[in-house]
J.: 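Got a structure for you, questions after.
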Amino acid sequence: MTETRKFHGQDERDAHALAVGKIALAWNEFHETLGELFARLFVKHHHATALAIWHCLDSDRTQRRLLRAMAETQLQWNKKGLEELIWLLNQTDRILSEQRNVGVHAPLMSFTETDGTHKMLPLSMYGNRNAAKIEGRDILSEYAHYEKQIRQMGTFAFALSFKLTDAKHNPDDDWPPRPKLTGRPT
């Protein structure tokens, strides 16, 4: 079996492609957790119907609006639960969706310095807003930060789902801790 030769800069391009894929995968898993939370807020025997409604929508943002409306209807009795879920949705809309969009949609370009070193840079010269947001930054660090935050919020959403919908839980049990989200890697 012959080994395919790598082209100049392939390792850097592959590392960036993997980082983008990790963001997309984390986001998809997180959003499925939100869908499950939506379905769990329905009466138990309507779980499949709730998921069918969730998945018929093409927009993640519209799905989150649907979850917000369901929470505002179904959690009126649980002020703390509603507050936690609204916080999750607000943070998703303000921070996570922006980071996901930058990570997945920012075009990158392959660049070789005069000394032969290769790097990946945001392709912002044509006015792409997502690329401009990571101009001058360590792209792989940014992408790792985005993935980490999405995963932390997914864990929070999963724990919140059980806290809100598991009939066996003790109302005095602690609420899951909110993740500390930041716009930039620290």
Side-chain angles (χ1 to χ4, degrees), residues 1-38 51 54-68 87-161 176-186:
M1 186 165 130
T2 60
E3 190 172 315
T4 305
R5 292 187 64 199
K6 291 184 178 184
F7 58 84
H8 180 69
Q10 183 176 351
D11 289 336
E12 291 84 3
R13 292 176 67 84
D14 289 350
H16 285 76
L18 179 61
V20 169
K22 286 180 174 183
I23 292 168
L25 188 62
W27 180 263
N28 293 343
E29 291 167 355
F30 169 58
H31 233 268
E32 281 302 298
T33 301
L34 295 182
E36 179 61 23
L37 176 52
F38 173 76
L51 286 175
W54 180 265
H55 288 292
C56 80
L57 299 170
D58 293 332
S59 162
D60 293 349
R61 187 170 301 276
T62 302
Q63 287 176 325
R64 291 192 304 276
R65 286 181 183 145
L66 186 65
L67 175 55
R68 182 183 302 266
W87 179 86
L88 176 143
L89 293 170
N90 287 342
Q91 296 304 304
T92 300
D93 288 344
R94 289 184 190 134
I95 297 173
L96 293 187
S97 64
E98 173 76 15
Q99 291 177 343
R100 178 255 178 208
N101 287 339
V102 169
V104 171
H105 296 296
L108 303 176
M109 66 178 178
S110 181
F111 182 79
T112 303
E113 298 280 359
T114 56
D115 67 0
T117 59
H118 182 268
K119 60 173 101 171
M120 298 296 294
L121 298 172
L123 183 56
S124 59
M125 67 182 117
Y126 301 119
N128 185 284
R129 292 185 305 259
N130 288 318
K133 290 175 184 174
I134 54 175
E135 187 73 44
R137 297 184 186 176
D138 178 337
I139 298 169
L140 289 177
S141 293
E142 290 286 323
Y143 286 2
H145 176 70
Y146 301 166
E147 178 201 1
K148 179 182 174 188
Q149 293 205 134
I150 294 166
R151 291 203 179 281
Q152 288 174 335
M153 194 64 102
T155 299
F156 177 71
F158 186 79
L160 187 59
S161 176
R178 291 177 176 179
K180 293 179 181 14
L181 303 178
T182 60
R184 299 282 312 277
T186 54

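We use all heavy atoms of the structure for the numbers below, so side chains are in, but hydrogens, waters and symmetry mates are not. Just so we're clear, the structure is a prediction, and the values are computed from it rather than from any experiment.
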J.: Quick one: NE2 on His31 to CD on Glu36, what's the gap to the nearest 0.5 Å?
T.: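 Result: 14.5 Å between the selected atoms.
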J.: With heavy-atom distances below 4.5 Å as the criterion, would you say the side chains of Leu108 and Ile134 are in contact?
T.: yes
J.: Quick one: closest heavy-atom pair of Trp54 and Gln63, and the distance?
T.: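 For Trp54 versus Gln63, the nearest heavy atoms are O-NE2, 2.7 Å.
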J.: Which heavy atom of Pro122 sits nearest a heavy atom of Ala131, and at what distance?
T.: CB-O, 3.3 Å
J.: Using distance alone, with no hydrogens and no angle criterion, decide if Tyr146 and Glu142 have a side-chain donor and acceptor under 3.5 Å apart.
T.: yes
J.: In terms of heavy-atom contacts, does CZ of Arg129 have more than 12 from other residues, nucleotides or ligands at under 6.0 Å?
T.: no
J.: For the atom pair CD (Gln149) and CD (Gln91), what is the distance rounded to the nearest 0.5 Å?
T.: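 Separation between the atoms: 9.5 Å.
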J.: Minimum heavy-atom separation for Phe156 and Pro176, please, with both atom names.
T.: CE1-O, 3.4 Å
J.: In terms of side-chain heavy atoms, does Asn28 have a donor or acceptor partner in Arg100 at a distance below 3.5 Å?
T.: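 No donor-acceptor contact under 3.5 Å links the two side chains.
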J.: In Å and rounded to the nearest 0.5 Å, what is the CG to CG distance from Asn101 to Leu96?
T.: 11.0 Å
J.: Looking only at heavy atoms, what is the nearest atom pair of Pro179 and Trp87, with distance?
T.: O-CH2, 3.5 Å
J.: Please round to the nearest 0.5 Å and tell me the distance separating atom CD of Glu32 and atom CG of Leu51.
T.: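 The distance works out to 8.0 Å.
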J.: Return the minimal non-hydrogen interatomic distance between Glu147 and Ala26, and the atom names on each side.
T.: CG-CB, 4.1 Å
J.: Could you list the donor-acceptor pairs under 3.5 angstrom formed between side-chain atoms of residues 12-25 and any protein atom two or more places apart in sequence or on another chain?
T.:
from, atom 1, to, atom 2, distance (Å)
Glu12, OE1, His118, ND1, 3.4
His16, ND1, Glu12, O, 2.8

J.: For His105, check ring pair (Phe, Tyr, Trp, His ring centres under 6.0 Å) against everything at least two apart and list the hits.
T.: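 Residues passing ring pair (Phe, Tyr, Trp, His ring centres under 6.0 Å) with His105: none at all.
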J.: Is the backbone N or O of Ala157 less than 3.5 Å from a side-chain atom of Ser161, with the two atoms forming a donor-acceptor pair by type?
T.: no
J.: Heavy-atom count check: over 12 atoms from other residues, nucleotides or ligands less than 6.0 Å from Lys133 NZ?
T.: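 Yes.
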J.: State the CE-NZ distance between Met109 and Lys119, to the nearest 0.5 angstrom.
T.: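 Rounded to the nearest 0.5 Å, the CE-NZ separation comes out at 9.5 Å.
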J.: Please report the shortest heavy-atom distance between Ile95 and Thr182, naming the atom on each side.
T.: CG2-O, 4.2 Å
J.: What's the separation between atom CG in Leu67 and atom OG1 in Thr62, rounded to the nearest 0.5 Å?
T.: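 If I round to the nearest 0.5 Å, the distance is 12.5 Å.
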